[in-house]
Amino acid sequence: YFISLLGIFFFSVKRDTSLWTALIATLLISSAPFLTYHATDAYSDLPMGYYAFAGVITFWRYIKTGSKNLLFLSGVFIGIGMFTKNEGIFFAAAILISLGIFIFLEKRSNKISTLYFLTPVFIIIGPWILLKSIYNIEYGHGITQRFVGIDFTLQAIREFLNVLFLEANFNIIFAFLFITTVLNIKTLFKEDIKYLFIITIFAALMFFSVYIMSLQEYNESLVQRMAVNRNILTYLPIAYFFASIAGFRLWSKI
């Protein structure tokens with residue numbers, strides 16, 4: 001998974017930027033401590049990150065080319081990702097939102113495009129959901145939707161920002177991503193890269209929303225770092241890819 005992720009990442013970045021940008025970006029992601037650590041253990045977060053990234057890349061190529069076959073392939077990857085971990089639904093929702101905005105803004109696609117994405121998702125994950133429903137198998141955590149309160153939310157925001165910007169697990173990618181987004185904000189939403197931005201931000205917010213629900217395991221996860229880093233790992237390649245393209249386009253304008 002680690003080697004395949006780097007291969008897809010390098011050639012995807014190279015196709016949209018330059019050889020040197022792809023080499024530098026691949027060097028940075030391949031040396032991210034938390035990613036290299038999980039390349040040699042048995043957690044499912046790296047496989048989940050691989051399938052999420054592959055799904056986003058094929059969706060991105062659909063945006064660039066208009067080929068619905070790529071949208072179907074994106075659904076295949078996301079479906080396998082959902083089968084790998086329940087959190088895969090966050091990425092399915094993120095792509096659907098981005099696809100909906102693309103259909104609304106670009107007028108180059110139509111609503112039936114969503115079927116190209118959703119059909120393989122339901123074919124892959126449908127039997128598993130049906131099995132869980134028949135045998136009343138829970139989804140692992142019994143997540144409730146009750147808000148935990150403003151005090152914990154403020155603490156959660158502070159701790160989450162510490163993980164992203166002040167710890168060394170992911171190199172400096174999130175600081176770089178923040179800077180390039182701020183500097184490029186005027187043109188960000190005028191270009192096709194906004195669809196990658198939507199997916200990246202929405203996925204991060206979906207994970208964060210779980211931390212501020214009345215669920216002790218995830219509350220403790222953020223404060224004590226039990227699982228929050230592994231959650232970030234699932235969308236780390238997407239963040240690196242978005243940052244690579246955004247940084248390259250910003251540099252090209254200087």
Side-chain angles (χ1 to χ4, degrees), residues 5-36 49-50 52-66 70 74 90-91 94-95 97-108 157 160-208 232-254:
L5 175 64
L6 296 183
I8 295 175
F9 181 85
F10 171 78
F11 286 106
S12 297
V13 174
K14 180 177 178 291
R15 178 159 25 190
D16 282 285
T17 59
S18 67
L19 175 61
W20 279 108
T21 301
L23 287 172
I24 294 172
T26 305
L27 173 64
L28 289 173
I29 191 174
S30 65
S31 61
F34 208 73
L35 179 60
T36 57
Y50 168 83
F53 180 64
V56 169
I57 287 299
T58 45
F59 171 73
W60 172 246
R61 295 312 304 167
Y62 161 74
I63 294 294
K64 303 290 284 185
T65 67
L70 289 167
S74 176
F90 294 164
F91 298 100
I95 290 178
I97 290 174
S98 190
L99 176 60
I101 295 174
F102 174 76
I103 292 173
F104 177 77
L105 293 179
E106 303 296 335
K107 309 300 183 183
R108 291 192 291 112
I157 292 174
F160 194 57
L161 292 177
N162 284 338
V163 174
L164 293 181
F165 297 109
L166 299 180
E167 297 182 1
N169 284 326
F170 310 107
N171 286 336
I172 60 171
I173 182 58
F174 291 105
F176 179 80
L177 185 60
F178 176 77
I179 293 171
T180 53
T181 300
V182 170
L183 293 178
N184 209 27
I185 195 67
K186 291 183 178 180
T187 58
L188 177 65
F189 292 101
K190 297 179 181 179
E191 300 177 351
D192 53 6
I193 196 175
K194 61 179 172 286
Y195 300 112
L196 288 177
F197 177 79
I198 291 168
I199 293 173
T200 306
I201 294 300
F202 185 82
L205 290 177
M206 287 293 290
F207 277 104
F208 182 80
I232 295 173
L233 181 63
T234 61
Y235 57 86
L236 183 66
I238 301 172
Y240 264 94
F241 182 69
F242 169 70
S244 301
I245 298 178
F248 176 80
R249 292 187 179 183
L250 178 62
W251 177 261
S252 300
K253 295 175 182 177
I254 296 177

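Values below: all heavy atoms of this structure, side chains included; hydrogens, waters and symmetry mates excluded.
- With contacts defined as side-chain heavy-atom distances shorter than 4.5 Å, the pair T181/L188 qualifies.
- For the pair L35 and L5, the minimum side-chain heavy-atom distance is below 4.5 Å.
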Derivation and outcome, side chain to side chain contact (heavy atoms under 4.5 Å, CB included), residues I199 and F242 = CA-CA 10 Å; I199 293 173; F242 169 70; over 6 Å; no
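- T200 contributes atom OG1, which lies 10.5 Å from atom CG of L205 (distance to the nearest 0.5 angstrom).
- Within 6.0 Å of NZ in K194 there are more than 12 heavy atoms belonging to other residues, nucleotides or ligands.
- Only one option out of F104, W60, F102, F189 pairs with Y195 in a ring-ring contact (aromatic ring centres under 6.0 Å, His included); it is F102.
- Remark: L177 CG to I172 CD1 distance equals 11.5 Å, nearest 0.5 Å.
- The aromatic ring centroids of F53 and Y240 lie 6.0 Å or more from each other.
- To the nearest 0.5 Å, atoms OG (S98) and CZ (F59) are separated by 4.0 Å.
- Side-chain atoms of S74 come within 3.5 Å of backbone N or O of G55 as a donor-acceptor pair.
- Listed here is the closest heavy atom pair of A203 and F91: CB-CE2, 3.9 Å.
- Looking at F176 and N171, their side chains never come closer than 4.5 Å, going by heavy atoms from C-beta outward.
- For the atom pair CD1 of I193 and CG of L250, the computed distance is 10.0 Å after rounding to the nearest 0.5 Å.
- Residues T36 and P33 approach most closely at OG1-O, 2.9 Å, considering heavy atoms.
- The CD1 atom of I29 sits 8.0 Å away from atom CD1 of I173, with the distance rounded to the nearest 0.5 Å.
- For the pair F10 and L19, the minimum side-chain heavy-atom distance is below 4.5 Å.
- W251 is not listed as a side-chain neighbour of T21, based on a closest heavy-atom distance of 4.5 Å or more.
- In this structure, F170 CZ and L233 CG are separated by 6.5 Å, a value rounded to the nearest 0.5 Å.
- Taking 4.5 Å as the limit, every side-chain heavy atom of K64 sits out of range of all side-chain heavy atoms of R15.
- The two atoms that bring A246 and N184 nearest to each other are O-ND2, 4.2 Å, heavy atoms only.
- In this structure, L23 places its CG atom where more than 12 heavy-atom neighbours from other residues, nucleotides or ligands lie under 6.0 Å away.
- A perpendicular orientation is assigned to the rings of F9 and F241, their planes being inclined by more than 60° (bins at 30° and 60°).
- Considering every non-hydrogen atom in both S12 and I57, the closest pair reads OG-CG2, 3.5 Å.
- S244 approaches A25 most closely through the heavy-atom pair OG-CB, 3.3 Å.
- With salt bridges taken as basic N to acidic carboxylate O contacts below 4.0 Å, none links D16 and R249.
- F174 places a side-chain heavy atom less than 4.5 Å from the side chain of I232.
- Partners of F248 under the ring-ring contact (aromatic ring centres under 6.0 Å, His included) rule, at least two apart in sequence or in another chain, do not exist in this structure.
- You'll find the side chain of Y235 stays beyond 4.5 Å of the side chain of F90, heavy atoms only.
- The two atoms that bring T26 and A22 nearest to each other are OG1-O, 2.6 Å, heavy atoms only.
- By the neighbour-count criterion of 12 heavy atoms within 6.0 Å, atom CZ of F178 is sparsely surrounded, having that number or fewer from other residues, nucleotides or ligands.
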